[in-house]
Amino acid sequence: MAEIVAVIASTHHPFYYRASTAVGDDRPPFADEWVRKIEAFRETLTRARPDVLVMVGSDHFHQLWLDNMPQFLVGKAPFYDANWYNEEREFGLPRMTLAGQEDLSAHVLRGGLDLGFDLAFSNELRIDHSITCPIITLRPEADLPIVPIYTNIFAPPLPQPGRFVALGKAIRELVESWPSDQRVAIIGTGHLSLELGGPRQFGEHGPDPEFDRRAVEWIANGDIDGCCREVTLDSLHLPGNATHGFMDFMLMMGVAGEGAKAHHVDSLDLFHTMEAYFTWYPNGAPQVGAQDGAAR
Amino acid sequence: MDKFLFTVDRDPALVERYRGDPRGTVEWWEAEEANRILNCISDERSTWLAFEDDEREALATHDHVRLFELGAHPFLTLTLFIAMFERDHGPLEYQLAYGEALKHLSLPYPDIAT
């Protein structure tokens with residue numbers, strides 16, 4: 001069976017690409033520290049030597065629209081073109097093409113349906129920055145096949161937070177039952193507190209630093225029970241009007257498992273929103289230098 | 001409103017047209033585009049979509065505060081308005097002013113649920 005070699009949860013900040021590649025006067029003062037943190041985070045994936053990436057994100061009204069809005073959708077295609085005109089325009093993101101791992105997509109779809117998740121699917125999916133940002137930060141070579149999984153955190157009515165956790169647990173079970181010898185990393189991105197298009201946007205910090213502090217604690221400690229006791233669809237309006245993206249972090253807590261402490265925890269307090277990075281190794285942390293050994 | 005914001009935001013030519021001629025673009029869009037089902041041929045259109053008067057006026061006057069109050073999806077409005085107006089301002093200046101203009105609003109914000 002396939003092995004889950006890393007579980008990774010991250011924010012997906014669309015400005016990282018531009019900040020990290022800017023030079024001279026265009027380079028923001030926080031860029032160097034941000035790059036250092038991202039490179040350390042990237043190393044946690046590199047060290048796990050994955051063959052396949054399951055990528056959990058959320059379409060930001062790019063391909064999925066109000067005339068036909070799925071709650072959870074799995075991509076199954078040989079390739080995924082990526083990034084959209086308005087992401088190039090606003091964030092300077094490059095166009096990309098990623099290969100798909102269709103066998104695993106099919107396995108997740110069939111198995112997910114049988115576990116009671118009525119998953120939508122797409123055979124022609126252009127993915128957006130919720131998936132390409134972690135490719136840029138964690139695997140900039142963009143050389144591994146992916147299985148994209150989209151969640152609706154954006155167009156209410158949304159699934160309950162507990163449903164995201166349950167889907168995360170199911171994804172883990174499904175990947176672990178995939179008849180393959182491939183090494184799989186499951187990567188998901190969301191938000192901590194975030195306000196978009198409202199009065200609390202673009203502040204000096206995220207709109208609710210106290211929520212962010214507690215969220216990092218829940219995630220780092222795998223405290224699913226504590227998190228689920230406090231987080232509801234209604235409560236997520238309070239930290240910021242786009243904070244429902246936190247439910248993708250809850251999904252990833254479901255993947256990592258109840259009580260699973262993250263091996264790597266980092267954060268960066270930026271204007272507008274806090275960055276946060278987590279890596280779990282379900283089968284123990286790989287040795288530093290394991291990749292070098294494998295290469296030899 | 002959301003369909004207008006969505007279809008304009010994804011089309012570079014429409015972004016410029018709406019920036020330069022908001023009322024004319026809104027009128028054209030309501031007459032020609034509002035009823036187009038996005039993945040269907042033109043003959044197979046809806047028959048019933050139209051703006052309310054205050055929605056039409058908010059769009060025709062680039063009034064992002066009123067759009068927020070009317071329940072337009074804040075992400076759609078923000079993204080399109082940044083595309084149209086950030087270029088006229090210094091770094092983050094437009095985004096901060098956009099938020100400042102909404103400061104009188106408190107929770108709960110207008111419902112954006114379907």
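Values below: every heavy atom of this structure, side chains too, minus hydrogens, waters and symmetry copies. Numbers restart at 1 for each chain; the letters A, B, ... are given by sequence-line order, proteins then strands.
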- Segment of A:Tyr85 engaging chain B (4.5 angstrom heavy-atom cut-off):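 Only the side chain of A:Tyr85 comes within 4.5 Å of chain B.
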- Contacting region of A:Phe271 [heavy-atom separation from chain B under 4.5 Å]: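 For A:Phe271, the side chain is the part near chain B, not the backbone.
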- Task: Write down the atom of B:Phe68, the atom of A:Pro199, and the distance for their closest heavy-atom approach.
- Result: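 For B:Phe68 and A:Pro199, the tightest heavy-atom pair comes out as CZ-CD, 4.4 Å.
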- Message: Testing the basics here: between B:Arg10 and A:Gln63, what is the closest heavy-atom pair and its distance to 0.1 Å?
- Response: NH2-N, 4.2 Å
Closest-packed option against chain A by number of heavy-atom pairs under 4.5 Å, given [options]:
{"options": "B:Ala72, B:Ser106, B:Ala113", "value": "B:Ala113"}
{"options": "B:Leu96, B:Thr77, B:Leu76", "value": "B:Leu76"}
{"options": "B:Lys103, B:Gln95, B:His104, B:Glu86", "value": "B:Gln95"}
{"options": "B:Asp9, B:Leu105, B:Ile82", "value": "B:Asp9"}

- Query: When the ring centroid of B:Phe75 is compared with that of A:Phe61, is the distance short of 6.0 Å?
  - Reply: no
- B:Tyr109 ring center near A:His237 ring center (under 6.0 Å): no
- Query: Looking at A:His272, A:Met69, A:Glu195, which one has more heavy-atom pairs under 4.5 Å with chain B than the rest?
  - Reply: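 That would be A:Glu195.
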- Among A:Leu158, A:Leu196, A:Asn68, A:Asp234, who wins on heavy-atom pairs under 4.5 Å with chain B? A:Leu196
By a 4.5 Å heavy-atom criterion (distance strictly below it), what part of [X] contacts chain A: side chain, backbone, both, or neither?
{"X": "B:Ile112", "value": "both"}
{"X": "B:Leu67", "value": "neither"}
{"X": "B:Asp2", "value": "both"}
{"X": "B:Val15", "value": "side chain"}
{"X": "B:Pro12", "value": "both"}
{"X": "B:Leu107", "value": "side chain"}
{"X": "B:Thr114", "value": "both"}

- Item | Backbone of B:Ala83 reached by a side-chain donor or acceptor of A:Glu90 within 3.5 Å | no
- Check whether any side-chain N or O of B:His64 sits under 3.5 Å from a backbone N or O of A:Gly197 as a donor-acceptor pair, and report yes or no.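 Not a single qualifying donor-acceptor pair exists.
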Atom [atom1] of [X] with >12 non-hydrogen neighbours under 6.0 angstrom:
{"X": "A:Glu88", "atom1": "CD", "result": "yes"}
{"X": "B:Phe85", "atom1": "CZ", "result": "yes"}
{"X": "A:Glu204", "atom1": "CD", "result": "no"}

- Between atom OG1 of B:Thr79 and atom NE2 of A:His60, what is the distance when rounded to the nearest 0.5 Å?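 One gets 9.0 Å once the value is rounded to the nearest 0.5 Å.
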- Drop me the distance from A:Phe202's CZ to B:Glu93's CD, to the nearest 0.5 angstrom. 13.5 Å
- Message: Regarding A:Asp67 and B:Arg36, does a basic nitrogen lie under 4.0 Å from an acidic carboxylate oxygen?
- Response: no
- Message: For A:Leu66 and B:Lys3: C-alpha separation, side-chain torsions, deciding distance, then whether side-chain contact (heavy atoms from CB on, under 4.5 Å) applies.
- Response: CA-CA 8 Å; A:Leu66 301 176; B:Lys3 188 175 180 182; over 6 Å; no
